[in-house]
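Scroll down for the structure; my scribbles are underneath it.
These numbers were taken from a predicted model, which means no experiment stands behind them. Heads up: numbering here begins at 1 and tracks the sequence. In what follows, every heavy atom counts, from backbone to side chain, and hydrogens, waters and symmetry copies are set aside.
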Amino acid sequence: MIALQPIHTEHALYLFVEKLLHSAFPPDERRDDEQQRVNTDRNDKFRCLLIRDFDKPVGLLTYWDFTDFVYVEHFAIDEDLRGGGLGAQAMRMFLKEIDRPVVLEVEMPHTKRDMTRRRIAFYRRQGFSLRRMTYRQPPYREGDRWLPMKIMSTGSAKKWLPMTETVRDTIYREVYGV
């Protein structure tokens with residue numbers, strides 16, 4: 001049975017979350033450990049969830065809780081457990097708890113068989129839509145580059161259009177500090 005458990009850095013399984021962030025995301029797609037820990041423990045807009053299957057840790061989901069939308073920053077299932085439906089169960093459970101549009105970034109697909117296409121298809125099955133907007137992920141640290149990304153969100157296009165700039169500007173300011 002899947003459960004989403006809010007945790008902080010003093011939790012015994014926080015090290016699992018940190019290790020999974022390192023294995024699932026390259027350095028330019030995640031912040032430094034110290035800043036991640038500060039957000040986890042002290043930022044009232046930031047939430048870190050441990051995904052458990054019964055008592056076994058299987059994944060993580062971090063998100064930012066803003067007034068008009070929720071931004072999922074990182075979502076990952078342990079590599080050895082991917083493809084078994086745990087991610088879909090966890091995302092469905094998360095979306096049931098949220099009463100606003102949910103937004104996330106996805107990498108730009110490069111080839112027809114690219115893993116990114118599979119990721120986009122996964123999010124589409126969970127109710128997300130790829131949004132037509134120019135978007136680049138700001139760097140997490142000085143000296144890193146801006147990354148071309150796509151935005152996906154829940155909700156209708158009609159509701160999305162008026163929010164486009166607000167969402168981008170809020171993510172840039174609150175998450176990346178630019």
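Within the structure, side chain to side chain donor-acceptor pair (under 3.5 Å) pairs that include any residue of residues 121-139 comprise E105-Y135, R131-S153 (at least two apart or interchain). Listed by first and then second residue, the ring-ring contact (aromatic ring centres under 6.0 Å, His included) pairs that reach into residues 139-158 are Y140-Y176, W146-Y172, sequence neighbours excluded.
Nearest approach of D53 to M1, heavy atoms of both residues: OD1-N, 3.0 Å. Considering every non-hydrogen atom in both M133 and T164, the closest pair reads SD-CG2, 3.6 Å. Closest of all the heavy-atom pairs between P139 and R145 is CB-O, 3.8 Å. The two residues L104 and V72 make their nearest non-hydrogen contact at CB-O, 3.7 Å.
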M152 and I120: side chain to side chain contact (heavy atoms under 4.5 Å, CB included), yes or no, with the steps?
CA-CA 8 Å; M152 295 187 81; I120 290 169; 4.0 Å; yes
Between I151 and V103, does a side chain to side chain contact (heavy atoms under 4.5 Å, CB included) hold up when you go through it step by step?
CA-CA 7 Å; I151 290 287; V103 176; 3.8 Å; yes
Test log, rule side chain to side chain contact (heavy atoms under 4.5 Å, CB included), inputs F75 and I51:
CA-CA 10 Å; F75 174 62; I51 302 169; 3.7 Å; yes
Where do F69 and M163 land on the side chain to side chain contact (heavy atoms under 4.5 Å, CB included) test, with the steps shown first?
CA-CA 9 Å; F69 69 98; M163 294 177 55; 3.9 Å; yes
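Within the 4.5 Å cutoff, side-chain heavy atoms of F25 are placed close to those of H74. The shortest distance between side-chain heavy atoms of L49 and Q5 does not fall below 4.5 Å. Side-chain contact between L50 and L60 is absent, with no heavy atoms from C-beta onward closer than 4.5 Å. Residues Y63 and V102 have side chains not in contact (no heavy-atom distance under 4.5 Å, counting atoms from C-beta outward). Using a 4.5 Å heavy-atom threshold, the side chains of T116 and K150 count as separate.
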Show me the side-chain donor-acceptor pairs of residues 13-22 shorter than 3.5 Å, one per line, residues at least two apart or across chains.
{"unit_1": "E18", "atom_1": "OE1", "unit_2": "R37", "atom_2": "NH2", "d": "2.8"}
{"unit_1": "E18", "atom_1": "OE2", "unit_2": "R37", "atom_2": "NE", "d": "2.9"}
{"unit_1": "E18", "atom_1": "OE2", "unit_2": "R37", "atom_2": "NH2", "d": "3.1"}
{"unit_1": "H22", "atom_1": "NE2", "unit_2": "D33", "atom_2": "OD1", "d": "2.7"}
{"unit_1": "H22", "atom_1": "NE2", "unit_2": "D33", "atom_2": "OD2", "d": "3.2"}

Residues 89-101, side-chain donor-acceptor partners within the protein, below 3.5 Å, at least two apart:
{"unit_1": "R100", "atom_1": "NH1", "unit_2": "D65", "atom_2": "OD1", "d": "2.6"}
{"unit_1": "R100", "atom_1": "NH1", "unit_2": "F66", "atom_2": "O", "d": "2.4"}
{"unit_1": "R100", "atom_1": "NH2", "unit_2": "D65", "atom_2": "OD1", "d": "3.0"}

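Residues M149 and V178 share a hydrophobic cluster, clusters being chains of Ile/Leu/Val/Met/Phe/Trp/Tyr side chains in contact below 4.5 Å. Side-chain heavy atoms closer than 4.5 Å link hydrophobic residues (I, L, V, M, F, W, Y) into clusters, and following such links, even through other members, never connects I7 to I77. Under the 4.5 Å side-chain contact rule for hydrophobic residues, L130 and F128 share a cluster.
Every residue was checked against the side chain to side chain donor-acceptor pair (under 3.5 Å) condition with D169, not counting sequence neighbours, and none meets it. Listed by chain and residue number, R31, Q35, N43, F46, W64 satisfy the side chain to side chain contact (heavy atoms under 4.5 Å, CB included) test with N39 (two or more places apart in sequence, or in another chain). With sequence neighbours left out, the side chain to side chain contact (heavy atoms under 4.5 Å, CB included) criterion links E10 to H8, D41. Shown here are the side chain to side chain contact (heavy atoms under 4.5 Å, CB included) partners of P26, two or more places apart in sequence or in another chain: D28, E29. For R141, the side chain to side chain donor-acceptor pair (under 3.5 Å) test picks out D32, D144, with sequence neighbours left out. Residues passing the side chain to side chain donor-acceptor pair (under 3.5 Å) test with T166: none are found, sequence neighbours excluded. Every residue meeting the salt bridge (charged side-chain N to carboxylate O under 4.0 Å, His left out) condition with K45, not counting sequence neighbours, appears here in chain and number order: E174.
Distance alone, capped at 3.5 Å, places no donor-acceptor pair between the T62 side chain and the C48 backbone.
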